[in-house]
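Only one structure is covered here, and it is reproduced in the block below.
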Protein chains: 2
Amino acid sequence: MAATLKDIAREVGVSVTTVSRALAGYSDVAEATRLRIQTAAARLGYHPNLQARRLQKQRTDTLGFIIPTFGPRFSDPFFSEFIAGIGNEASLHDYDLLVSTHAPDSADEAEAYQRAARGRWVDGLIVVRTRQDDARIKLLSEHSFPFVAFGRSNCEHDFPFVDEDSAEGIRLLVEHFVALGHTKIAFIAPPSGLMFGHFRRQGFLDTMAANGLPVVPEWVGEGDMSQRGGAAAAEALLSHTPRPTAIICGNDLMAMGTINYIQQLGLKVGDDIAVAGFDDIPLAAYVSPSLTTIHQPIYEIGRRTCAMLIDIINGRFPENPHHLLTPTLIVRKSSCLAID
Amino acid sequence: MAATLKDIAREVGVSVTTVSRALAGYSDVAEATRLRIQTAAARLGYHPNLQARRLQKQRTDTLGFIIPTFGPRFSDPFFSEFIAGIGNEASLHDYDLLVSTHAPDSADEAEAYQRAARGRWVDGLIVVRTRQDDARIKLLSEHSFPFVAFGRSNCEHDFPFVDEDSAEGIRLLVEHFVALGHTKIAFIAPPSGLMFGHFRRQGFLDTMAANGLPVVPEWVGEGDMSQRGGAAAAEALLSHTPRPTAIICGNDLMAMGTINYIQQLGLKVGDDIAVAGFDDIPLAAYVSPSLTTIHQPIYEIGRRTCAMLIDIINGRFPENPHHLLTPTLIVRKSSCLAID
DNA sequence: TTGAAAGCGCTAACAC
DNA sequence: GTGTTAGCGCTTTCAA
C-alpha cells in the first residue's frame with residue numbers, strides 16, 4: 001500500500017541502505033543518486049513508517065500525558081490550557097503528545113504508568129497534580145524513567161519539577177483581605193491529598209497566624225475543585241454564625257460556585273462578602289463580578305515542563321531541575337466592588 | 001533493559017514463539033508451560049514492546065486528533081470537552097489518543113495529515129471544525145484513510161460525520177427573541193470559512209426572512225470565536241443607530257465578550273439588550289447574567305465520533321454514517337432578566 | 001504441544 | 001559511494 005524504502009530502491013535501482021541514507025541527508029551519497037532517489041520518493045509519495053523507525057531507534061519521539069481525572073469528563077480549564085502548552089512545545093521539538101485519562105490512584109492509572117515505564121510506550125511522561133506519597137513518582141523514579149512533574153511532592157525521591165509557590169499565592173490573598181480590613185476570613189481548600197491543596201491550606205493557616213487572626217474551624221472547608229464543590233462548601237461555611245466576611249477559594253472554579261451560591265442567598269459579592277479564587281483561568285475576568293485571584297501562567301508552565309522533559313530525554317539534565325514560580329495577585333471586583 | 005520475550009524464553013527454557021502464544025492466550029500451549037511462562041513474565045516485569053508489536057501487526061492502536069488552532073494557545077473550552085469525550089471512548093476500546101495542534105490550512109497542518117495518511121502514524125483521525133472545500137477531507141478521502149468528522153462539508157466526497165444542526169439551533173434562538181417581541185435582531189457570525197459558521201449564518205438569514213424581519217447589514221458582524229472577537233464585533237454593531245435590541249452570537253465565548261462590552265457601555269444585558277450564545281459551555285450558566293444559548297453535547301459528540309471511527313477502523317462501517325443532532329434551546333437571563 | 005524461520009520497515013556497522 | 005548483513009521485538013505460518 002504505502003510506499004517503502006524497498007519500493008524506492010527497486011524503482012531507482014539501488015540498495016535500500018542507499019535510499020535510507022540519501023533521504024536521511026547523509027553526505028556519503030552521490031548527489032546524482034540522491035536526486036534520483038528524492039525524485040522517486042516524491043513521486044511515490046513516500047513517508048517513512050514510523051513504527052519501523054521507532055523500533056529500530058528504540059525511541060518513540062512521543063511524550064505521554066496521563067490526565068488524572070475523576071468521572072467521565074474534565075471540564076477543568078486547567079487541562080486544556082496545560083495541554084496547549086506542552087503540545088506546542090512538544091511539536092516545536094518534533095515530539096508527539098499522547099494523552100489519556102485515568103482516575104487518580106486507580107489500578108487503571110497504575111497500569112498505564114507501568115506500561116509507560118516498561119513498554120517503551122513513550123519516551124517520557126509529564127506528571128501533574130502531584131499527590132502526597134505519589135505512587136506515580138515513586139514508580140517512575142525507581143525505573144529511572146524520564147519525567148517532569150508540575151508540582152512538588154513529599155516523597156524521598158528527588159525529581160525534576162516546575163511548581164508554583166502556592167503558599168505564597170495564598171499569602172498574597174490573605175494579606176490583600178487583611179489590608180481591606182477583613183478579619184473574618186474563610187478558606188475552601190482543595191483536597192489535601194493533592195500537594196498543592198496541602199500547600200495552599202498551609203499557606204492560609206500560616207498567614208492567618210502571622211497576622212494574629214483566628215482560624216475558625218467551621219470556616220475552613222474543602223471542595224473537589226469544581227463549581228459544584230465550591231458551592232457546597234460555601235453553603236456549609238455560611239450556615240454558621242457569625243459569618244465570615246471574606247472567602248478564599250482554593251481555585252477559580254470553586255470560587256465561581258461560591259459566588260453563585262452567595263448570589264442565590266441574595267447577598268452581594270464584593271460588598272457583603274468578598275471572594276477570591278486561585279488560578280486566573282481565562283474566564284475569571286469575565287464572570288460577574290470579575291474574580292480576584294492568583295495568576296498562574298499555566299500555558300507557560302506547560303511549555304517549561306515539556307521543554308525540561310525533552311532536555312532530560314536527550315541527556316541534557318538541567319542545572320536547576322526545580323523551578324518554583326512566584327505567583328501574582330490579580331485584584332478584581334469580587335474582593336471589593338469599590339476597587340478599580 | 002526492559003524484559004523481552006527472549007528473556008522469558010531463555011529463563012523458562014522454551015522458544016520465543018511459545019512464550020508469545022502463551023502470553024497471548026492461545027489454547028495450544030500446555031497449561032503447565034503457560035503457568036511457568038506467566039510466572040517468569042511477572043517476575044521479570046515483562047511488558048510487550050509496543051513498537052515491535054505495532055510494526056508486526058501493521059496497526060498502531062492509536063487515534064489522531066489534530067487540533068486546528070491559531071496562535072499559541074487554545075482557550076476554547078470546546079476542545080477540552082471534546083478531547084475528554086474522544087479520550088474516554090478511545091481508552092474504553094484500548095486505543096491511545098495522539099494530540100497535536102496546527103494552524104488551520106497551514107503547510108504544517110497539511111504535512112501532519114500527510115504523515116497520518118501515509119506514514120502509518122495513527123490508525124484513524126478525527127477531524128473537527130470542518131471548512132469550506134476542506135483540504136483535509138479531500139486528502140483523507142482520496143487515500144481512503146479512516147476518519148470521522150465533527151461537521152459536514154461542501155466537498156464532493158461522501159464521508160462519515162457527526163454534526164449538530166446549527167441552522168436549526170439559530171432558528172430556535174431567533175424565534176425565541178421574536179417570541180419576546182424583538183424585531184431588531186443582530187448576529188455575530190463565526191468565520192464563514194468554517195462550515196458551522198456558514199450554517200449558523202444561513203440559519204439566521206433564513207429564519208429572519210421566514211419571520212418577515214429585515215436583516216440590516218450593519219447588524220451582521222463576524223468574529224473569531226474568542227471573547228475579544230465578540231467584544232470587537234459588538235462594538236461595531238452597537239456603533240450604528242438605530243441599535244439592535246437583541247444580539248445572537250455564533251458561540252458562547254463571543255457572547256461573553258459581547259456581554260462584557262455591553263456592560264462597559266453601562267447598559268443592562270437582558271434588559272436594554274438581549275444576548276444569546278451557542279454551545280452551552282460549562283461556564284455559560286455561571287456568568288452573569290447567565291447565558292441563553294443552544295446546548296451542544298460536546299462530550300457526547302466526542303464519544304460518538306470516536307466510537308464511529310473505531311468501528312470504521314475495524315471494518316464495521318456504520319449503517320448510517322451521518323449523524324445530525326437536534327439542538328436544544330437553553331433559556332437563561334441574558335435574553336430576558338424577567339424570565340425565571 | 002512446541003520450535004524454526006520468515007518478515008514487518010527501518011537503521012547502522014562494516015566491508016568493498 | 002554503495003551494498004551486504006544483521007537486528008530492533010514481535011507475530012505468524014508451517015513443520016515436526
Side-chain angles (χ1 to χ4, degrees), chain A residues 1-38 40-41 44-62 94 96 115-123, chain B residues 1-38 40-41 44-62 94 96 115-123:
Chain A
M1 188 62 218
T4 69
L5 287 188
K6 206 153 120 189
D7 297 326
I8 301 178
R10 185 169 351 94
E11 192 82 1
V12 178
V14 291
S15 75
V16 170
T17 314
T18 305
V19 178
S20 172
R21 279 183 309 214
L23 261 23
Y26 280 54
S27 59
D28 62 350
V29 179
E31 269 315 310
T33 317
R34 186 195 306 278
L35 211 64
R36 282 160 56 219
I37 289 173
Q38 281 170 338
L44 296 175
Y46 171 77
H47 271 245
N49 180 314
L50 296 173
Q51 311 314 322
R53 180 176 281 177
R54 286 169 179 176
L55 174 57
Q56 161 63 33
K57 290 235 183 165
Q58 296 288 61
R59 51 184 296 161
T60 64
D61 293 319
T62 302
D94 288 317
D96 283 327
R115 183 161 70 124
R118 323 184 88 137
R120 303 196 177 292
W121 180 49
V122 293
D123 292 342
Chain B
M1 186 64 216
T4 69
L5 286 188
K6 206 152 119 189
D7 297 326
I8 301 178
R10 186 174 344 97
E11 190 83 1
V12 178
V14 291
S15 75
V16 170
T17 315
T18 305
V19 177
S20 172
R21 279 184 311 217
L23 260 24
Y26 280 52
S27 60
D28 61 352
V29 179
E31 268 316 309
T33 317
R34 185 195 306 280
L35 212 63
R36 281 162 52 221
I37 289 173
Q38 282 171 337
L44 296 175
Y46 171 76
H47 272 244
N49 180 313
L50 296 174
Q51 311 313 323
R53 180 176 281 177
R54 287 170 178 174
L55 174 59
Q56 163 62 35
K57 290 231 179 165
Q58 295 288 60
R59 51 183 297 163
T60 64
D61 294 319
T62 302
D94 288 317
D96 283 327
R115 183 160 72 122
R118 323 185 88 138
R120 304 197 176 293
W121 180 49
V122 293
D123 292 343

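Naming convention: chains lettered A, B, ... in sequence-line order (proteins, then strands); numbering from 1 in each chain. What you see is a predicted model; the values in this text were computed from it and never measured.
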Please list, pair by pair, any protein nitrogen or oxygen found under 3.5 Å from a nitrogen or oxygen in nucleotides 12-16 of chain D.
from   : atom 1 : to    : atom 2 : distance (Å)
D/dT12 : OP2    : B/Y26 : OH     : 3.1
D/dT12 : O4     : B/T17 : OG1    : 3.4

| remark: Tightest non-hydrogen contact, residues A/Y26 and A/R34, listed as O-NH2, 2.5 Å

| request: With the side chain counted from C-beta on, respond yes when B/Q58 and A/N49 share a heavy-atom pair under 4.5 Å apart, and no when they do not. | output: yes

| request: Would you mind telling me which residue lines up with the more 5' stretch of DNA chain C, A/A24 or B/R34, judged by nearest nucleotide? | output: B/R34

| query | What is the minimum heavy-atom distance between A/D123 and A/D61, and which atoms define it? | reply | OD2-N, 2.7 Å

| Is the phosphate of C/dT2, meaning OP1 or OP2, less than 4.0 Å from a side-chain N or O of B/T18? | no

| B/L55 side chain, from C-beta outward: closest of C/dG9, C/dT1, D/dG3 | C/dG9

| query | So, the side chain of B/R53 versus the backbone of B/P48: is there a donor-acceptor pair under 3.5 Å, distance only? | reply | no

| Any donor-acceptor pair under 3.5 Å from B/Q51 side chain to A/T60 backbone | no

| note | Tightest non-hydrogen contact, residues A/A9 and A/V16, listed as CB-N, 3.8 Å

| request: Specify the closest pair of heavy atoms between A/E11 and A/A40, including all atoms of both residues, with the distance to one decimal. | output: CG-CB, 4.3 Å

| How long is the line joining CG of A/L50 and C1' of D/dC8, in whole Å? | 16 Å

| message | Could you tell me how far apart A/R59 (CZ) and C/dC10 (P) are, to the nearest whole angstrom? | response | 18 Å

| task | Heavy atoms only: give me the nearest A/W121-A/A116 pair and the separation to one decimal. | result | CE3-CB, 3.5 Å

| Worked check of salt bridge (charged side-chain N to carboxylate O under 4.0 Å, His left out) between B/R115 and A/D94 | CA-CA 13 Å; B/R115 183 160 72 122; A/D94 288 317; over 6 Å; no

| field | Euclidean distance, atom CD1 of residue A/I8 to atom C1' of C/dG9 [Å, nearest integer] | value | 12 Å

| Quick one: is D/dG9 close enough that its OP1 or OP2 comes under 4.0 Å of any side-chain N or O from A/Q58? | yes

| note | the helix from C/dT1-D/dA16 to C/dC16-D/dG1: angle between terminal helix axes, five bp per end, to the nearest 10 degrees, reads 40°

| task | Please report, rounded to the nearest Å, how far the C1' atom of C/dG9 is from the CZ atom of B/R115. | result | 17 Å

| query | Roughly, in whole Å, what's the span from CG in B/L35 to P in C/dT1? | reply | 15 Å

| said: Measuring to OP1 and OP2 of C/dT11, would you say a side-chain N or O of A/R53 lies under 4.0 angstrom away? | reply: yes

| query | To the nearest angstrom, how far is A/L5 atom CG from D/dG7 atom P? | reply | 20 Å

| Between C/dT1 (P) and B/R36 (CZ): distance, integer Å | 14 Å

| Could you state the CG-P distance from B/D7 to D/dC8, rounded to the nearest angstrom? | 11 Å

| said: Could you check whether any side-chain heavy atom of B/V12 comes within less than 4.5 Å of a side-chain heavy atom of B/V19, counting everything from C-beta outward? | reply: no

| remark: Which of D/dC10, C/dC10, D/dT2 is nearest the side chain of B/N49? It is D/dC10

| said: By the 4.0 Å heavy-atom rule, please label A/D28 as base, sugar-phosphate, or nothing. | reply: base

